[in-house]
Amino acid sequence: MFQAFLKQVQLFAQLNDEQIEMISAVCQKKSFRGGTVLFQQNEPGNTFYIVFSGSVKIFTSHNGDEKVLSMFKSGDSFGELSLIDGRPRSASAQTLEDCSLITLTVTHFMDILKSNFEINLCIMRELCQRLRDTNQHVNDLTFLDARTRILKNLIMLANKHGVREGNLIKIRVALNYDELSQMSNVQKPILMQVLRDLQEKQILVPTSTELRLDLTKLR
């Protein structure tokens, strides 16, 4: 049922058709409305998720303050950490728009890990990349000013979620300005000032559905 899609998921890219079919047989596809909290920080984890369509934000919260850590779109996976180590969720997950997600229960997920070294290797690589991303984020907070962090975050979103047309990158992002400021770890007024400056220089052109980044004017 999901074989064609699962083959495009980076986590399963090295698997053969038989392995993909085995995984597909234990997956479920579920629909969620925008704004649905999939799981909360510190609660037990029992489900692994793959984004089929739509987008999901991963965030932490403390004393009412929210910090967006990342955003996942079609083909991205999340939720494996607490299934592997048995500890509570390290962050919360919420849909940013109407989504279709492919889910695996912890039992099926662990069965797959036991029988497929390739998936274990892919997950280890994914966790290593996220650790590197965390280390880089700490470095950015230590050494980069607010404007540079915002620019770097926009470029990161463009690289991961953008569609390039010549020198123009179109970024469809369901995050609002509050969430964008959280990802860059800056206050919203600072974000808005930087975005206005980029608009005045025609580096960034926002529309109702996307951000357009002009690479020729970014240099």
Side-chain angles (χ1 to χ4, degrees), residues 1-32 36-41 43-60 68-137 156-163 171-175 183:
M1 183 178 181
F2 311 112
Q3 288 94 322
F5 174 77
L6 291 177
K7 287 181 180 179
Q8 301 174 29
V9 176
Q10 184 176 357
L11 200 62
F12 305 137
Q14 304 302 316
L15 303 187
N16 59 39
D17 289 344
E18 183 179 350
Q19 291 169 316
I20 290 289
E21 185 175 354
M22 179 191 69
I23 295 171
S24 175
V26 295
C27 286
Q28 287 188 310
K29 184 179 176 183
K30 299 181 180 180
S31 296
F32 299 88
T36 301
V37 175
L38 302 171
F39 54 78
Q40 294 272 17
Q41 183 179 355
E43 73 179 21
N46 54 23
T47 306
F48 173 70
Y49 297 87
I50 303 168
V51 182
F52 186 83
S53 65
S55 54
V56 175
K57 70 174 179 179
I58 305 298
F59 65 98
T60 58
V68 176
L69 303 176
S70 57
M71 181 182 71
F72 294 124
K73 300 187 75 173
S74 181
D76 292 330
S77 58
F78 61 95
E80 73 284 346
L81 195 59
S82 61
L83 274 64
I84 293 172
D85 66 11
R87 300 180 64 183
R89 297 288 193 186
S90 60
S92 302
Q94 183 179 18
T95 59
L96 289 166
E97 56 193 321
D98 292 351
C99 290
S100 290
L101 304 177
I102 294 175
T103 64
L104 274 167
T105 66
V106 61
T107 300
H108 288 141
F109 180 77
M110 296 307 294
D111 287 343
I112 289 170
L113 293 189
K114 291 174 184 176
S115 60
N116 291 277
F117 172 75
E118 294 87 350
I119 295 182
N120 281 277
L121 186 58
C122 287
I123 286 179
M124 283 190 287
R125 287 172 175 163
E126 179 69 20
L127 292 177
C128 287
Q129 183 58 54
R130 292 182 186 178
L131 179 58
R132 290 178 185 272
D133 290 343
T134 299
N135 290 341
Q136 185 60 55
H137 182 64
M156 179 194 71
L157 289 172
N159 288 335
K160 187 172 182 181
H161 304 297
V163 176
I171 316 166
R172 181 181 172 276
V173 180
L175 296 168
M183 285 191 73

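Values reported hereafter were calculated over all heavy atoms of this structure, with side chains retained and with hydrogens, waters and symmetry mates removed.
- Residues V26 and I112 have side chains in contact (heavy-atom distance under 4.5 Å, counting atoms from C-beta outward).
- Closest non-hydrogen pair, C122 versus Q10, comes out as SG-O, 4.3 Å.
- A heavy-atom distance below 4.5 Å is found between the side chains of I84 and F109.
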Would you check, one step at a time, whether the test side-chain contact (heavy atoms from CB on, under 4.5 Å) holds for F12 with I50?
CA-CA 11 Å; F12 305 137; I50 303 168; 3.5 Å; yes
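- Of the possible polar contacts, none joining the T36 side chain to the T95 backbone as a donor-acceptor pair under 3.5 Å is found.
- The side-chain heavy atoms of L113 and I119, taken from C-beta on, include a pair separated by under 4.5 Å.
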If you apply the rule side-chain contact (heavy atoms from CB on, under 4.5 Å), what do you find for L11 with F48, and how did you get there?
CA-CA 12 Å; L11 200 62; F48 173 70; 3.5 Å; yes
When you look at K30 and L101, which way does the side-chain contact (heavy atoms from CB on, under 4.5 Å) test go after all the steps?
CA-CA 5 Å; K30 299 181 180 180; L101 304 177; 5.5 Å; no
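- Between F78 and F72, the two ring planes are parallel [angle under 30°; tilted spans 30° to 60°].
- Residue E43 comes nearest to L38 through the heavy atom pair OE2-O, 4.4 Å, listed as atom of the first residue, atom of the second, then distance.
- A 4.5 Å side-chain heavy-atom check between F59 and L69 finds every atom pair outside the cut-off.
- Across all non-hydrogen atoms, the minimal contact from M71 to L175 is SD-CG, 3.8 Å.
- Side-chain atoms of Q8 do not come within 3.5 Å of backbone N or O of F5 as any donor-acceptor pair.
- For the pair R89 (side chain) and G79 (backbone), a donor-acceptor distance under 3.5 Å is present.
- No donor-acceptor distance shorter than 3.5 angstrom exists from the side chain of N159 to the backbone of M156, with no hydrogens or angles considered.
- Other residues, nucleotides and ligands contribute over 12 non-hydrogen atoms within 6.0 Å of the CZ atom of R130.
- Side-chain contact between Q3 and E21: present, with at least one pair of heavy atoms (C-beta onward) separated by less than 4.5 Å.
- Counting all heavy atoms, side chain and backbone alike, S100 lies closest to S31 at OG-OG, 3.8 Å.
- To the nearest 0.5 Å, atoms OG (S24) and CD (Q19) are separated by 13.5 Å.
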L6 and L15: side-chain contact (heavy atoms from CB on, under 4.5 Å), yes or no, with the steps?
CA-CA 10 Å; L6 291 177; L15 303 187; over 6 Å; no
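- At least one side-chain heavy atom of K7 sits less than 4.5 Å from a side-chain heavy atom of D17.
- Of all heavy-atom pairs between G75 and V9, the closest is O-CG1, 3.5 Å.
- When each of L131, L127, D133 is paired with Q129, the side chain to side chain contact (heavy atoms under 4.5 Å, CB included) condition holds for D133 and for no other.
- For the pair K29 (side chain) and F52 (backbone), a donor-acceptor distance under 3.5 Å is absent.
- Contact detail for T60 and A91: the closest heavy-atom pair is CG2-CB, 3.9 Å.
- Distance alone, capped at 3.5 Å, places no donor-acceptor pair between the S55 side chain and the K73 backbone.
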